[in-house]
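Keep in mind the model is a prediction, meaning the values are calculated, not measured.
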Amino acid sequence: MLASGDVVWGRGFGAEGQAVGEVCFHTAMTGYQEIMTDPSFAGQIINFTFPHIGNVGANPDDIEADDPHALGMIVREDVTAPSNFRSTEHLDAWMKKHARIGLSGIDTRALTRRIRSGGAPNGVIAHSASGEFDIPMLLQMAREWPGLEGMDLAITVTTETHFGWEGGVWRLGFGYGPEGAEDTRPHVVAIDYGSKRNIFRNLVQAGAKVTVLPATATFDQVMSFAPDGIFLSNGPGDPAATGEYAVPVIRQLLETGKPLFGICLGHQLLGLAVGAKTSKMHQGHRGANHPVKRLSDGAVEITSMNHGFAVEKETLPANVRETHVSLFDGSNAGIELTDRQAFSVQYHPEASPGPQDSFYLFERFVGMMK
C-alpha cells in the first residue's frame, strides 16, 4: 500500500503482519541476505530488481548483522527451493524466523520505474494468509509515517557497548578465520552508526586491530582506547539528525590529527563536521554496479552503494577536496581534507559478495596509521 493510495497485490511469504517504511529499489544480482541484514536499510522496504531472489537459500555466514534490518522484500518470481551447497535453510523459513515480510509475483520493473519518476514513496508491506486486509488502516499508516528525512535511526541499530572485533574476510573452507597476531597491529576505534560486519573484516584483512564503540561514544571514550586511527561507519537515517550528537565528537577527533576514515553515513557525517551540507536524494543509490570516477587519476571503480542522502559538493569548504564522483548522476562519492589525515567515500568498499575494486581504501587507511 503506497501513500498515494495505490495498492500492489502479490503473494505473501515469510512472516505475517505489516510494516511501514520507505519503499526503495536495489539492483544487485547477488547478496540478498547481506542486503536484508545491512543496518543501513532500517526503515526501508526493498524492491529487488533481480527477479530470482532466494534461489541460493540462506546460511549463517552471509549476514551483516544478527537480524535483518530491512522491513521486508518485494520480488518478481516466487521463492524456489534453494540450490547451493552453502545453503542451510529456505529463504521463506529464514524470513519467518526473523519476522520479516516478503511479497512475490510483483511487477518489480513497474514499481522501480515509479520510484525513479516519483521518488521513493512511503508505504506499507502487509501479509495475511487469509487474504483479508484493512485497506483504510494500511493507507492511514502509509500516510502518517513521517519519512526518513529528519529521522535518527543510527541510535536504534548501534551496538549497546564496546567490543573487540576478531576475524578477517570469509574464505572457502576456512570461514571467517583470524588474520595474524593483533598485538603489533595499528589500533582502529570504529564508531558504529549501523555498521556492516564486513567493514571490520576488511580492516582486519588490511592489517588493523579493531575496537567498536556505540554511536553515542564521547570524545573521551574514544580516546580512552588509545586509537591509532578512527573509523566512522555506515548506517541508516538522516545524517543531519544523527549529526546532532555525532558531529561535535568528530570535530574533536579531527583536532587530534589522527587518521580518520568514513564510509556512507560516516562520509556524510564527516562532510557535516567540516561544514558541508547533506540533502535527501530523489531515489537514492542502491546496487552493486555503480561506476565511480576517482578524480586523482581518472580510474573508474565499480562499487556497491546504499544511500538515500548525499553530501552537497557545492557546500564543501576550501580545505576539503572532492576525490570521487558518481558516473550515474555526478553526485559526490568521496572527499579528503587537505589539512588533516581524513578521508571518506559514499560507497561501500567492503562490499560482500562484491564488487571489490575499492579494497585499496582500507590499505590506505592502515598505511596512514603506520
Side-chain angles (χ1 to χ4, degrees), residues 1-28 31-51 53-54 64-65 67-79 91-92 94-96 98-128 133-135 137-149 151 153 156-157 194 235-238 280-287 305-309:
M1 168 63 75
L2 301 180
S4 62
D6 293 329
V7 182
V8 181
W9 295 91
R11 292 180 291 276
F13 64 93
E16 292 188 69
Q18 61 267 334
V20 62
E22 181 181 270
V23 184
C24 62
F25 67 88
H26 202 293
T27 61
Y32 55 78
Q33 203 175 341
E34 291 91 341
I35 293 165
M36 287 296 295
T37 54
D38 181 351
S40 294
F41 276 116
Q44 294 181 306
I45 301 162
I46 305 172
N47 176 52
F48 284 93
T49 63
F50 185 69
I53 299 299
E64 296 293 350
D67 296 298
H69 287 280
L71 298 172
M73 63 164 60
I74 301 167
V75 303
R76 178 67 186 94
E77 301 293 339
D78 290 338
V79 178
L91 179 62
D92 177 61
W94 186 82
M95 293 280 283
K96 283 186 173 73
H98 293 287
R100 288 299 183 268
I101 302 167
L103 288 182
S104 66
I106 304 295
D107 186 344
T108 53
R109 173 174 288 187
L111 184 54
T112 296
R113 288 173 66 88
R114 180 191 179 98
I115 295 170
R116 288 179 62 189
S117 61
N122 294 348
V124 176
I125 184 170
H127 175 203
S128 169
F133 298 92
D134 185 341
I135 297 297
M137 182 269 290
L138 297 179
L139 179 58
Q140 182 179 359
M141 286 178 62
R143 289 180 172 172
E144 291 182 352
W145 192 67
L148 293 178
E149 203 160 3
M151 190 177 290
L153 290 177
T156 69
V157 299
D238 188 338
K280 194 164 191 311
M281 304 176 76
H282 174 70
Q283 67 184 37
H285 288 169
R286 297 174 184 91
M305 286 195 176
N306 169 22
H307 61 105
F309 292 82

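Distance check: Ile53 CD1 to Ile35 CD1 gives 7.0 Å after rounding to the nearest 0.5 Å. Note: Cys24 SG to Asn306 CG = 7.5 Å, rounded to the nearest 0.5 Å. To the nearest 0.5 Å, the span separating CG on Leu103 from CD1 on Ile101 amounts to 7.5 Å. Interatomic distance, Thr37 OG1 to His69 NE2, rounded to the nearest 0.5 Å: 7.5 Å. Atom CE in Met1 sits 8.0 Å away from atom CH2 in Trp9 (nearest 0.5 Å). Rounding to the nearest 0.5 Å places CD1 of Ile125 at 8.5 Å from CG of Leu71.
Between the side chain of His98 and the main chain of Asp67, no donor-acceptor pair closer than 3.5 Å is present. Under the 3.5 Å distance criterion, the side-chain polar atoms of Thr49 are matched with a main-chain donor or acceptor of His26. A donor-acceptor pair under 3.5 Å is absent between the side-chain atoms of Asn122 and the main chain of Glu22, judged by distance alone.
The salt bridge (Lys or Arg N to Asp or Glu O under 4.0 Å) search around Asp238 returns none, not counting sequence neighbours.
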| said: Set out, in order, the CA-CA distance, both residues' side-chain angles and the distance that settles side-chain contact (heavy atoms from CB on, under 4.5 Å) for Tyr32 and Val75, then state yes or no. | reply: CA-CA 11 Å; Tyr32 55 78; Val75 303; over 6 Å; no
| request: Apply the test side-chain contact (heavy atoms from CB on, under 4.5 Å) to residues Gln44 and Leu148: give CA-CA distance (whole Å), side-chain angles for both, the deciding distance (0.1 Å), then the verdict. | output: CA-CA 9 Å; Gln44 294 181 306; Leu148 293 178; 3.7 Å; yes
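By the 30° and 60° cut-offs, the orientation of the rings of His285 relative to His307 is perpendicular.
Nearest heavy atoms, Trp94 versus Met36: CH2-CB, 4.0 Å.
Under the 4.5 Å side-chain criterion, counting only non-hydrogen atoms from C-beta, Met73 is in contact with Phe13. Between Thr156 and Leu153, some side-chain heavy-atom pair lies under the 4.5 Å cut-off. Side-chain contact between Leu2 and Arg114: present, with at least one pair of heavy atoms (C-beta onward) separated by less than 4.5 Å. Within the 4.5 Å cutoff, the side chain of Phe133 has no heavy atoms near those of the Gln18 side chain.
Listed by first and then second residue, the side-chain hydrogen bond (donor to acceptor under 3.5 Å, both in side chains) pairs involving residues 99-111 are Asp78-Ser104 (not counting sequence neighbours).
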Identify every side-chain donor-acceptor pair in residues 137-144 under 3.5 Å, counting partners at least two apart or on other chains, and give the distances.
unit_1	atom_1	unit_2	atom_2	d
Gln140	NE2	Glu144	OE2	2.9
Arg143	NE	Ala3	O	2.8

